[in-house]
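Input: a single structure, listed below in structure tokens.
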Amino acid sequence: MYKTHTCGELRKEDVGKDVSLAGWVDRRRDHGGVTFVDLRDRFGVVQLVTNPDISPAAHHALDPVRMEWVIKVDGNVRRRPEGMENPDIATGNVEVEVTKVEILNPARTPPFMIQQEEEVDEQTRLKYRYLDLRSDRMRDNLILRHKVVKYIRDYLDERDFIEVETPILFKATPEGARDYLVPSRVHPGEFYALPQSPQQLKQMLMVAGVERYFQIARCFRDEDLRVDRQPEFTQLDLEMSFVEREDVMELIEDLYTQMVQEITPEKKIYQTPWPRLSYEEVMNRFGKDNPDIRFGMELVDITDLVAESEFRVFSSVVEKGGDVRGIKAPGLGEYSRNQIDEFTEFVKQYGAKGLAYIAITETGEERSTFLKFIDENTKAALYQRMGAEDGDLLLFIADQQEIVLDCLGRLREELRDRMDLVDGDTLAFCWVIDFPLFTWNEEEDRWDPSHHLFTAPMPEDVKHLDEDPSQARGQQYDLVLNGYEIGGGSIRIHDGELQEKVFDLIGLDREVARERFGHMLQAFSYGTPPHGGIAPGIDRLCMLLANEPNIREVIAFPKNQSARDVMGDAPSSVTEEQLEELHIKLDLD
RNA sequence: GGGGGCGUGGUGUAGCGGUUAACAUGCGGCCCUGUCAAGGCCGAGAUCGCCGGUUCGAAUCCGGUCGUCCCCGCCA
């Protein structure tokens with residue numbers, strides 16, 4: 001037997017026991033005589049002691065042993081001498097006096113020190129991911145993720161959901177993200193696609209009468225990567241029949257609230273029940289549809305106040321139908337011209353032409369790009385609307401509404417980070433609802449679905465589909481946490497006729513629609529229950545629960561930014577024979 | 001597709017026109033019987049990502065290239 005106990009479980013109560021332990025050498029402290037070895041396994045660390053006077057054979061057996069060697073020891077648990085306890089580790093009151101050592105496998109000197117992976121180049125960590133994952137941090141992240149998924153499965157199982165697997169090899173959909181394609185050997189020239197999500201399939205399961213489906217589903221999208229985006233990621237995919245949007249939202253809210261309390265009790269949920277905010281409201285208040293509501297500093301519309309102003313930057317924008325809005329950064333009134341310029345550069349990245357400001361020092365002195373152009377009354381009204389006080393910095397953008405909101409929304413979160421306004425142990429969940437069903441696509445001169453093309457309109461808005469599609473709101477809901485979209489869903493269209501009308505609206509040719517979605521329309525003609533669902537992202541949730549700065553830290557084997565697996569070296573070239581079998585000829589420049 | 005940051009011993013950094021390329025840690029050796037990032041002494045280990053240019057002289061300046069991270073576009 002390798003182990004009678006794990007390295008993390010020995011306590012005062014175990015003193016006197018003969019134990020066998022096995023694990024990795026975390027550290028070794030050789031005092032010439034007495035030698036200490038910290039032995040680590042998945043469950044913790046315990047201190048081993050050898051003494052040449054007591055057990056010379058065991059003592060010398062440890063001589064060659066170095067960090068990350070895998071060893072098995074027999075020994076006796078004893079209480080540490082008075083004053084030698086280590087309160088920093090769970091097993092710190094005891095140690096194991098070693099009587100026998102067996103080297104199970106020596107280790108080369110690792111390319112980096114396991115517990116210091118935070119300051120190691122990420123590429124090195126990814127190349128040796130199996131070493132990186134030995135660290136407490138990564139081990140804890142893997143465990144956290146396991147707990148999240150297990151909690152979800154147990155919770156949904158208790159509520160009569162069944163987990164159904166859907167195919168990974170399915171059909172390409174030109175809408176939305178780019179597909180990963182898989183060539184077919186038996187059908188020359190034809191391709192499967194890896195699913196961007198099991199959307200169509202879960203709706204088919206509703207037609208099939210499953211009623212309550214979920215799946216911890218892997219999804220694939222061939223788009224460029226970000227801190228919170230990987231080409232393959234995991235969703236809790238869920239769909240229910242005979243529900244309205246409130247039913248789905250309540251289910252997820254209850255699930256996540258209980259899960260967080262159970263798994264990360266140190267986290268505080270900012271507001272319960274979770275606020276339900278309309279798309280229009282969050283855009284006006286926060287400038288983005290996935291707002292971080294943990295702090296204030298909301299956007300303020302001053303278009304009406306400055307429409308007639310002498311400051312042409314403002315008034316000319318208003319003439320052209322644009323907006324002027326601002327944000328107040330309390331306490332930044334002493335910022336230098338240079339510091340403010342950094343904000344200007346920041347918003348220019350997102351299309352703003354400039355940034356107007358009023359900086360008010362603690363003593364009430366004002367520096368401004370435009371104050372001299374506006375009269376006292378306007379200034380007073382502006383200060384009142386923004387709640388401006390001594391010491392504040394007021395920042396303004398004038399442009400088309402879309403740009404103003406986007407830039408100020410991003411600026412607001414930039415200020416959050418600079419001013420350190422939020423606490424990572426606060427989870428501010430909220431729902432964003434009442435999205436417009438369509439958004440106008442300027443380039444293609446047509447309406448695009450804002451969520452996806454199966455989203456049902458609000459019943460009272462169906463009438464708008466014919467006259468003014470922009471007025472139609474969808475029965476859609478986005479789940480937002482601390483400024484990240486961590487899920488989205490909707491009540492679906494279950495009526496073939498309405499579905500065809502939506503296809504028409506987005507300019508999808510009937511023939512093309514039949515080719516791509518004929519199977520769905522056909523399915524819907526055989527008795528389809530009203531249904532809806534949601535697909536919360538597991539990776540982003542775990543990232544936030546683990547206070548990690550990016551999604552890769554909660555994925556065992558992530559891809560790097562250029563979608564490469566640096567450990568396994570994928571993607572890689574294949575043999576001529578493989579290509580031939582797949583009827584593929586390469587055309588590389 | 002575009003913009004920006006970073007590439008110096010195994011790892012993390014310093015050096016930014018002339019240095020024996022510095023420091024920490026890890027690694028090897030010796031000493032050390034109560035440490036827990038143990039300590040002390042000694043030692044090995046880097047053609048400064050790569051290619052080209054400027055210069056009497058390049059880790060250092062310039063151009064290109066590759067890698068990586070962050071961002072924009074993209075992600076229904």
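- Between A:W24 and A:W69, the gap from one ring centroid to the other reaches at least 6.0 Å.
- Within residues 397-420 of chain A, the residues having any heavy atom closer than 4.0 Å to RNA chain B are, in order of number, A:R410.
- Following rounding to the nearest Å, A:E122 (CD) and B:C6 (C1') show an atom-to-atom distance of 14 Å.
- The stretch residues 341-354 of chain A touches RNA chain B through A:Q349, A:Y350, each having a heavy atom under 4.0 angstrom from the strand.
- Contact annotation for A:R66: backbone-only contact, meaning every heavy-atom pair under 4.0 Å involves sugar-phosphate atoms and none involves a base.
- Here A:D224 lies in heavy-atom contact (under 4.0 Å) with a base.
- Separation of atoms OG1 (A:T124) and CG (A:D132) is listed at 10.0 Å; rounding is to 0.5 Å.
- Contacts of A:D222 with the nucleic acid, taken as non-hydrogen atoms under 4.0 Å apart, are absent.
- Across all strands shown, A:T35 has no heavy atoms under 4.0 Å from either base or sugar-phosphate atoms.
- Note that the CD atom of A:Q196 and the CZ atom of A:R178 stand 10.5 Å from one another [nearest 0.5 Å].
- The separation of B:C6 from B:A59, taken at their C1' atoms, amounts to 15 Å, rounded to a whole angstrom.
- A side-chain N or O of A:E548 and one of A:N141 form a donor-acceptor pair less than 3.5 Å apart.
- The local environment of NZ in A:K72 is crowded, with over 12 non-hydrogen atoms from other residues, nucleotides or ligands closer than 6.0 Å.
- For the salt bridge (Lys or Arg N to Asp or Glu O under 4.0 Å) with A:D38, the qualifying choice from A:R27, A:R29, A:R28 is A:R29, the only one to do so.
- If you take CD of A:Q235 and C1' of B:C75, they are 12 Å apart, rounded to a whole angstrom.
- Around CZ of A:R139, the count of heavy atoms belonging to other residues, nucleotides or ligands within 6.0 Å exceeds 12.
- Going from atom CD of A:Q47 over to atom P of B:A38 covers 11 Å, rounded to whole Å.
- You'll find a donor-acceptor pair under 3.5 Å spanning the side chain of A:R80 and the base of B:U35, going by distance alone.
- Across all strands, A:R552 comes closer than 4.0 Å only to sugar-phosphate atoms, never to a base (heavy-atom distances).
- The phosphate of B:A37 has neither OP1 nor OP2 within less than 4.0 Å of any side-chain N or O from A:Q116.
- What separates NE2 of A:H59 from P of B:G34 is a distance of 12 Å, to the nearest Å.
- At the phosphate of B:A38, OP1 or OP2 sits under 4.0 Å from a side-chain N or O atom of A:R29.
- Separating the CG atom of A:L225 from the C1' atom of B:G73 is a distance of 14 Å, rounded to the nearest angstrom.
- Closest to the side chain of A:M113, from the set B:C70, B:U25, B:G12, is B:U25.
- Spacing between atom CG of A:D228 and atom P of B:C69 amounts to 15 Å, rounded to whole angstrom units.
- Among the heavy atoms of the strands, none lies under 4.0 Å from A:E82.
- Residue A:M84 is classed as a base contact, given a heavy-atom separation below 4.0 Å to a base.
- Interatomic distance, CD of A:Q215 versus CD of A:E239, reported as 12.5 Å (0.5 Å rounding).
- In this structure, A:S562 reaches the B:U68 phosphate: one of its side-chain N or O atoms is under 4.0 Å from OP1 or OP2.
- B:A38 has its base stacked against the ring of A:H31, the centroids being under 5.5 angstrom apart at an interplanar angle below 30°.
- Heavy atoms of A:E85 sit under 4.0 angstrom from at least one base atom.
- Contact annotation for A:P111: backbone-only contact, meaning every heavy-atom pair under 4.0 Å involves sugar-phosphate atoms and none involves a base.
- Contacts of A:D30 with the nucleic acid, taken as non-hydrogen atoms under 4.0 Å apart, include base atoms.
- Across B:C36, B:G29, B:C71, the shortest atom-to-atom separation from the side chain of A:R226 is found for B:C71.
- For A:E223, the CD atom counts as densely surrounded, since its 6.0 Å shell holds more than 12 non-hydrogen atoms of other residues, nucleotides or ligands.
- As judged by a 4.0 angstrom heavy-atom cut-off over every strand, A:E119 is placed among residues touching the sugar-phosphate backbone only.
- With sequence neighbours excluded, no residue forms a salt bridge (charged side-chain N to carboxylate O under 4.0 Å, His left out) with A:D121.
- Among the heavy atoms of the strands lying under 4.0 Å from A:R78 is at least one base atom, whether or not backbone atoms are also near.
- The CD1-C1' distance, from A:I114 to B:G26, rounds to 12 Å in whole Å.
- One can find a donor-acceptor pair under 3.5 Å joining the base of B:C74 and the side-chain atoms of A:R229.
- Centre separation under 5.5 Å together with a plane angle under 30° holds for the ring of A:F36 and the six-membered base ring of B:U35, marking them as stacked.
- Taken to the nearest 0.5 Å, the CG atom of A:L10 stands 7.0 Å off from the OG1 atom of A:T91.
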